[in-house]
Amino acid sequence: MLLTWIRILMIPFVVGVYFIPDTMLSLPHKNYFAGVFFILAALTDALDGYLARRLNQTSSFGAFLDPVADKLMVGAALIMLVYLDRIGPVLALIIIGREITISALREWMAQIGAQSSIAVNSLGKLKTGAQMVAIPMLLFYETWLGVNQPIVGYILLIVAALLTVLSMLYYLKKAIPIIQQR
């Protein structure tokens with residue numbers, strides 16, 4: 001759970017670096033630091049999950065806080081990318097809106113004891129993977145090793161948005177029969 005808190009505490013660094021005066025830190029340096037902070041935060045998520053499984057140390061609060069930290073991190077980065085005019089607000093809204101919708105659905109399903117019927121599936125994992133590659137590319141925002149990160153990152157984020165919609169439809173399809181019973 002400590003790693004989850006570290007991930008949450010890293011969010012202001014991803015965002016805040018862009019508000020350092022240009023006389024102190026150039027935009028390319030801001031991009032670099034924001035990208036590195038985002039990657040470090042994403043790695044804490046992977047390490048946290050690995051350690052929780054390996055050491056069999058889970059808690060209900062940790063299970064609640066981990067996805068919240070992920071959504072905060074991704075949401076903050078997407079808002080920053082809109083602010084920097086690297087993505088459009090509709091793209092960010094699709095992804096953030098889906099996260100809020102599915103989180104609310106999962107919360108409601110947990111309250112009625114049916115959370116297993118909307119467990120994480122492969123579409124959600126692919127969506128997360130695409131986001132976790134796209135966002136740092138859009139933060140770094142340069143060509144590196146011959147890869148035009150702004151273009152590849154943008155394409156990956158569009159793929160993530162499509163997977164976002166598909167996974168949301170999947171979860172809603174699974175939940176509708178339960179919702180109709182209530």
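Positions are given from 1, in the same order as the sequence printed here. Bear in mind the structure is a predicted one, so any value in this text is a computation, not a measurement.
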Q: Apply the test side-chain contact (heavy atoms from CB on, under 4.5 Å) to residues Phe37 and Ile11: give CA-CA distance (whole Å), side-chain angles for both, the deciding distance (0.1 Å), then the verdict.
A: CA-CA 8 Å; Phe37 289 140; Ile11 295 167; over 6 Å; no
Q) Yes or no on side-chain contact (heavy atoms from CB on, under 4.5 Å) for Glu99 and Val74, after CA distance, side-chain angles and deciding distance? A) CA-CA 10 Å; Glu99 297 302 341; Val74 168; 5.8 Å; no
Q.
If you apply the rule side-chain contact (heavy atoms from CB on, under 4.5 Å), what do you find for Met10 with Leu40, and how did you get there?
A. CA-CA 8 Å; Met10 290 183 78; Leu40 289 174; 3.4 Å; yes
Q: Take Ile87 and Val82, measure what side-chain contact (heavy atoms from CB on, under 4.5 Å) needs, and give me the verdict at the end.
A: CA-CA 5 Å; Ile87 65 169; Val82 169; 3.7 Å; yes
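Partner of Met168 under the side chain to side chain contact (heavy atoms under 4.5 Å, CB included) criterion, chosen from Ile102, Leu105, Ile94: Ile102.
Residues Asp66 and Arg7 have side chains in contact (heavy-atom distance under 4.5 Å, counting atoms from C-beta outward). Between Ile20 and Val17, the closest side-chain pair of non-hydrogen atoms falls below 4.5 Å.
Figure legend: Arg98 and Tyr171 shown without cation-pi pairing, the cationic atom not lying both under 6.0 angstrom from the six-membered ring centre and within 45 degrees of its axis.
Grouping the Ile, Leu, Val, Met, Phe, Trp and Tyr side chains by contacts below 4.5 angstrom, directly or via other members, places Val152 apart from Ile95.
The CG atom of Leu3 lies 11.5 Å from the CD1 atom of Ile8; values are rounded to the nearest 0.5 Å.
With Arg86 contributing its side chain and Leu138 its backbone, the two residues share a donor-acceptor pair below 3.5 Å.
What you find for Ala69 and Thr4 is that their closest heavy atoms are CB-CG2, 3.7 Å.
A 6.0 Å sphere centred on OH of Tyr32 holds no more than 12 heavy atoms belonging to other residues, nucleotides or ligands.
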